[in-house]
Number of protein chains: 2
Amino acid sequence: MISSRFPISLHILTLLDDANGAVVSSDYLAGSININPVLVRKEIMNLRKHGFVDSKEGKGGGSFLAKSASDINLGDVYKSLRNQNILGQSKNEPNPKCPIGKQINQHLNTLYSDAENALVDNLSKQSLADFASKFK
Amino acid sequence: MISSRFPISLHILTLLDDANGAVVSSDYLAGSININPVLVRKEIMNLRKHGFVDSKEGKGGGSFLAKSASDINLGDVYKSLRNQNILGQSKNEPNPKCPIGKQINQHLNTLYSDAENALVDNLSKQSLADFASKFK
DNA sequence: TCATTCTGTAATTATTTTTATTACAGTACA
DNA sequence: TGTACTGTAATAAAAATAATTACAGAATGA
């Protein structure tokens with residue numbers, strides 16, 4: 001299943017788009033998503049690192065989109081969440097003495113990265129603006 | 001990340017293909033995958049339910065492919081693992097008082113099922129025979 | 001026929017991953 | 001200079017996964 005971080009990130013971005021440039025606090029975001037504010041701040045940290053949002057510290061601070069919603073594409077958001085290669089990464093360690101087990105991870109990884117590319121390509125067809133427009 | 005059940009199922013199927021019709025015990029499978037035999041038997045139960053494999057009880061028993069490896073396609077294997085719709089299914093319950101939160105799951109689900117279709121279509125390009133041939 | 005070697009399956013426990021909570025330093029505003 | 005935020009670490013709680021134990025039932029073959 002797509003990491004639950006993806007819906008959180010998308011939710012944040014959608015709310016920020018909805019705020020129309022206004023600064024939004026992590027507490028407000030957490031309230032809408034219904035998760036802990038610290039988790040929100042962690043996701044924002046990632047979104048900021050990837051240039052999707054920016055934040056302002058201190059009183060009256062919060063986050064806002066760092067670029068136009070039409071310049072943020074959902075495939076890129078998805079990709080921003082992977083450490084290396086999200087989808088597969090079999091952490092399982094098959095028996096190296098088995099001729100199949102020995103090489104299966106290598107083949108699985110190829111399979112996964114192809115499949116994941118197809119998924120990302122699909123997500124990339126949509127911008128945050130497209131997605132957010134569904135709420136209007 | 002794709003459920004870790006997918007690699008397990010694929011591993012099982014690949015080993016059964018490799019066995020060339022011979023009956024393979026869940027202990028042997030578990031040994032190659034390096035997981036608990038009971039987990040293997042559970043996956044086999046699912047694979048059997050979907051007609052990919054069949055099993056023989058009792059002494060000398062085990063599992064074997066129920067159809068030709070070229071008639072088993074990886075997209076179908078993937079699909080056999082989902083309860084309803086694997087990928088997304090935001091279990092998160094956003095705040096219903098928030099105009100965005102209220103409807104986001106509905107939009108996420110659409111997004112997910114499109115993306116998942118793209119992924120499954122990609123996997124469907126490959127049969128078990130194609131996959132297994134990489135090991136030779 | 002009966003000991004043996006399997007499967008099927010439930011119940012329980014252990015482990016890992018995910019999420020929430022607490023805490024507090026630092027920043028900016030008024 | 002108090003207040004309302006962010007940033008971040010550390011810890012605890014909860015949930016999801018996986019392993020283990022256990023045992024009934026099926027098929028085989030000595």
Side-chain angles (χ1 to χ4, degrees), chain A residues 1-9 11-12 15-16 19 22-50 53-64 66 81-83 86-95, chain B residues 1-9 11-12 15-16 19 22-50 52-64 66 81-84 86-95:
Chain A
M1 111 151 171
I2 278 185
S3 159
S4 74
R5 293 178 57 199
F6 182 66
I8 292 174
S9 285
H11 199 144
I12 292 170
L15 288 166
L16 294 185
V23 152
V24 185
S25 78
S26 60
D27 260 45
Y28 177 85
L29 297 170
S32 168
I33 307 177
N34 196 24
I35 58 173
N36 194 284
V38 175
L39 232 192
V40 170
R41 299 209 279 264
K42 274 186 190 158
E43 280 321 316
I44 283 174
M45 190 159 48
N46 179 66
L47 291 169
R48 190 172 51 238
K49 200 165 66 191
H50 286 85
V53 310
D54 210 343
S55 311
K56 211 180 125 188
E57 290 192 2
K59 187 172 180 180
S63 303
F64 50 94
L81 294 171
R82 54 178 155 193
N83 326 18
I86 269 189
L87 252 200
Q89 208 51 228
S90 336
K91 57 165 185 203
N92 186 255
E93 295 173 21
N95 185 344
Chain B
M1 110 152 174
I2 278 186
S3 158
S4 74
R5 294 178 54 200
F6 181 65
I8 291 174
S9 285
H11 199 145
I12 291 171
L15 288 166
L16 294 185
V23 151
V24 185
S25 78
S26 59
D27 260 43
Y28 177 84
L29 297 170
S32 168
I33 306 177
N34 196 24
I35 58 173
N36 194 283
V38 175
L39 233 192
V40 170
R41 298 208 279 262
K42 274 185 189 156
E43 279 322 314
I44 282 173
M45 189 158 51
N46 179 65
L47 291 169
R48 191 172 50 240
K49 200 165 67 192
H50 286 85
F52 299 123
V53 309
D54 209 344
S55 310
K56 212 180 127 189
E57 292 192 3
K59 186 172 180 181
S63 304
F64 49 94
L81 294 172
R82 53 178 156 194
N83 327 18
Q84 289 118 42
I86 268 190
L87 250 202
Q89 210 51 227
S90 335
K91 54 161 189 206
N92 186 256
E93 296 173 20
N95 186 344

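Numbers restart at 1 for each chain; the letters A, B, ... are given by sequence-line order, proteins then strands. None of these values were measured; they are calculated from a predicted model.
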### Task
Find out whether Ile44(A) and Ser55(A) are in side-chain contact, i.e. whether some heavy atom of one side chain is under 4.5 Å from a heavy atom of the other.
yes
Atom pairs under 3.5 Å: protein N/O with N/O of nucleotides 23-26 of chain D:
residue	atom	partner	partner atom	Å
dA26(D)	O4'	Glu57(B)	OE1	2.9

### Non-hydrogen atoms of Val24(A) and Ala19(A) that approach each other most closely
CG2-CB, 3.4 Å
### Task
Report the residues that fulfil side chain to side chain contact (heavy atoms under 4.5 Å, CB included) with Ser32(B), sequence neighbours left out, ordered by chain and then residue number.
Cys98(A), His11(B), Leu15(B)
#### Entry: Lys56(A) NZ - dA4(D) P separation (whole Å)
16 Å
### Query
Within the pair Ser26(B) and dT7(C), is there a side-chain N or O less than 4.0 Å away from OP1 or OP2?
yes
### Message
Can you measure Asp27(B) atom CG to dT20(D) atom P for me and round it to whole angstrom units?
### Response
12 Å
### Query
Quick one: side chain to side chain donor-acceptor pair (under 3.5 Å) partners of Ser25(A), sequence neighbours excluded?
none
## Note on the structure
Out of dT9(C), dG8(C), dG7(D), minimum distance to the side chain of Arg48(A) belongs to dG7(D)
### Message
If the condition is side chain to side chain contact (heavy atoms under 4.5 Å, CB included), which residues does Ser9(A) pass it with, not counting sequence neighbours?
### Response
Glu43(A), Leu47(A), Val77(A), Leu81(A)
### Query
What integer distance in Å separates Tyr28(B):OH from dT5(C):C1'?
18 Å
### With Ile35(A) via side chain to side chain contact (heavy atoms under 4.5 Å, CB included) - residues at least two apart
Ile8(A), Ile33(A), Leu39(A), Val40(A), Asn92(B)
#### Entry: Neighbours of DNA chain C within residues 31-40 of chain A, by heavy-atom distance under 4.0 Å
Ile35(A), Asn36(A), Val38(A), Leu39(A)
### Message
Quick check against the 3.5 Å criterion: does Asn34(B) have a side-chain atom that pairs as donor or acceptor with the backbone of Asn95(A)?
### Response
no
### Query
Taking atom P of dT7(C) as reference, at what distance in whole Å does atom CZ of Phe64(B) sit?
12 Å
### Task
Mind checking Lys42(A) for me? I need base, sugar-phosphate or nothing, with any heavy atom below 4.0 Å counting as a touch.
nothing
### Task
Please determine if a side-chain N or O atom of Ser4(A) lies less than 4.0 Å away from the OP1 or OP2 oxygen of dT19(C).
yes
#### Entry: Whole-Å distance separating the CZ atom of Phe6(B) from the C1' atom of dT17(D)
19 Å
